[in-house]
Amino acid sequence: MPELPEVETIVRDLAPRLRGRTIRGAQVRWPRTIAAPAPDEFVAKVAGLRFETFDRRGKYMIFGLARDDQSHFRGVAPTRWLIIHLRMTGRIDLSPHGHQADPHTHVILELDDGADMSFRDPRKFGRIWLVADPQQAIGRLGPEPFDPTFSAQTLAKRLNGRRTAVKALLLDQSIVAGVGNIYADEALFEARMHPARPGASLSPDEVERLHVAVQLVLARAINGGGSSLGSGSTNYVRPGGEAGGYQEEHRVFRRTGQPCPICATPIQRLRIAQRSTHFCPSCQPE
DNA sequence: AAGAATGTTACATG
DNA sequence: ACATGTAACATTCT
């Protein structure tokens, strides 16, 4: 499940491989993957564009592309943006051109160095945009967790008056961008906070703790290369195929019944906002 | 082996 | 504005 740390890892892996590469052509095998423009227009317009910049916003990957033309100069300002959201099971693979694409590969970008950049997504929830302005794809997204605009104060303001469980609020991308189910649970454990606590019930101290915990957990996960869970074909892997390592550091996520790393109380599971939620009943009291 | 669970976001309905 | 629920899907788990 690619959340912010997984997406960040993928973008970092991709940047040195793709910088300066030109897209020669594209194949769209499942048209609905292309959110904008129309799939045939996407194929026509993406050819001849060169990768210039590499970014991430929340769980969106943002590639700045420039027209290749006859210019030999690199580093020109991007004129088009290729934006990819992996949703649940999307992933990016790099492989030699013309390789046998598996049945869940929905879009293939052919690069000028003989490689194919493929978008593979068994559940087909992932989306790709080619737009003139990133806002067209990203819409209204909350602050980046490491940006100064995400502070204990701004978080407190967004939690103010909300009766919704704090876990559900962490998953709300308009409050803070990039937190998904894994890191919401891990951050709440780090903050020693019960996931069902109403947003409005947090004291200023607790909001501060939560703010720090979100940043800490995400930063650690990025350092670990993200989390790979399970072994199925839907699992997250890096573009080179290797797994992340942060799943080894999970303290509560998918550890129901196992001892809490702090107090050895068995981890419990409950359902909040239709998502399974893991916590230590002793370290994270109601 | 049928049925439920999985998790992200946009959209719809109170 | 807020709260809740559902669709979009196919694989994996029970």
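So you know, we letter chains A, B, ... as the sequences are listed, proteins then strands, and number each from 1. Remember, predicted model here, so these are calculated numbers, not experimental data.
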Under the rule of Watson-Crick or G-U wobble with both distances under 3.5 Å, where | means paired to another strand and [ ] a crossing pair, DNA chain C maps to .|||||||.|||||
Verify the distance criterion only: is there a donor paired with an acceptor across the side chains of [X] and [Y] at less than 3.5 Å?
X         : Y         : value
Ser174(A) : Asp172(A) : yes
Asp121(A) : Thr89(A)  : yes
Thr149(A) : Asp147(A) : yes
Ser95(A)  : Asp116(A) : no
His250(A) : Ser227(A) : yes

Heavy atoms only, 4.0 Å cut-off, all strands: where does [X] land among base, sugar-phosphate and nothing?
X         : value
Arg269(A) : sugar-phosphate
Gln274(A) : base
Tyr183(A) : nothing
Gly126(A) : nothing
Ser276(A) : sugar-phosphate

Nearest whole Å is fine: how far is [N] [atom2] from [X] [atom1]?
X         : N      : atom1 : atom2 : answer
Ile175(A) : dT9(B) : CD1   : C1'   : 15 Å
Arg127(A) : dT8(B) : CZ    : C1'   : 11 Å
Leu170(A) : dT8(B) : CG    : C1'   : 15 Å
Leu169(A) : dT9(B) : CG    : C1'   : 16 Å
Leu86(A)  : dC9(C) : CG    : C1'   : 16 Å
His278(A) : dT6(B) : NE2   : P     : 8 Å
Leu171(A) : dT6(B) : CG    : C1'   : 14 Å
Asp172(A) : dT4(C) : CG    : P     : 13 Å

Looking only at side-chain N and O atoms, does Arg87(A) come under 4.0 Å of OP1 or OP2 in dA10(B)? no
For dA10(C), does OP1 or OP2 lie under 4.0 Å from any side-chain N or O of His104(A)? no
From C-beta outward on Arg271(A), which listed nucleotide comes closest to its side chain: dT8(B), dC9(C), dT6(B)?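 From the listed options, dT6(B) comes nearest.
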Side-chain contact check for Arg275(A): nearest option of dC9(C), dT8(B), dA3(C) is dT8(B)
Using a cut-off of strictly less than 4.0 Å between a heavy atom of the residue and any atom of DNA chain C, enumerate the qualifying residues of residues 154-163 of chain A by number.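 When residues 154-163 of chain A is checked for heavy atoms under 4.0 Å from DNA chain C, the hits, listed by number, are Arg162(A), Arg163(A).
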Between dA5(B) and dT6(C) - C1' atom distance, rounded Å: 16 Å
Determine the interatomic distance between C1' on dT11(C) and the same-named atom on dA1(B); round to the nearest Å.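 dT11(C) and dA1(B) have their C1' atoms separated by 15 Å.
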In terms of relative ring orientation, are His211(A) and Phe150(A) parallel, tilted or perpendicular, with 30° and 60° separating the classes? tilted
Looking at Arg24(A) and Glu110(A), does any basic side-chain N land under 4.0 Å from a carboxylate oxygen? no
Would you say the side chain of Arg123(A) and the base of dT6(B) hold a donor-acceptor pair, judged only by whether the two atoms sit under 3.5 Å apart? yes
According to a 4.5 Å side-chain heavy-atom criterion applied to Ile, Leu, Val, Met, Phe, Trp and Tyr, with indirect links allowed, do Val179(A) and Met193(A) form part of one hydrophobic cluster?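 Shared cluster, yes.
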Hey, are the side chains of Ile128(A) and Phe119(A) touching, using non-hydrogen atoms and a 4.5 Å cut-off? yes
Check: Phe189(A) ring centroid to His278(A) ring centroid under 6.0 Å: no
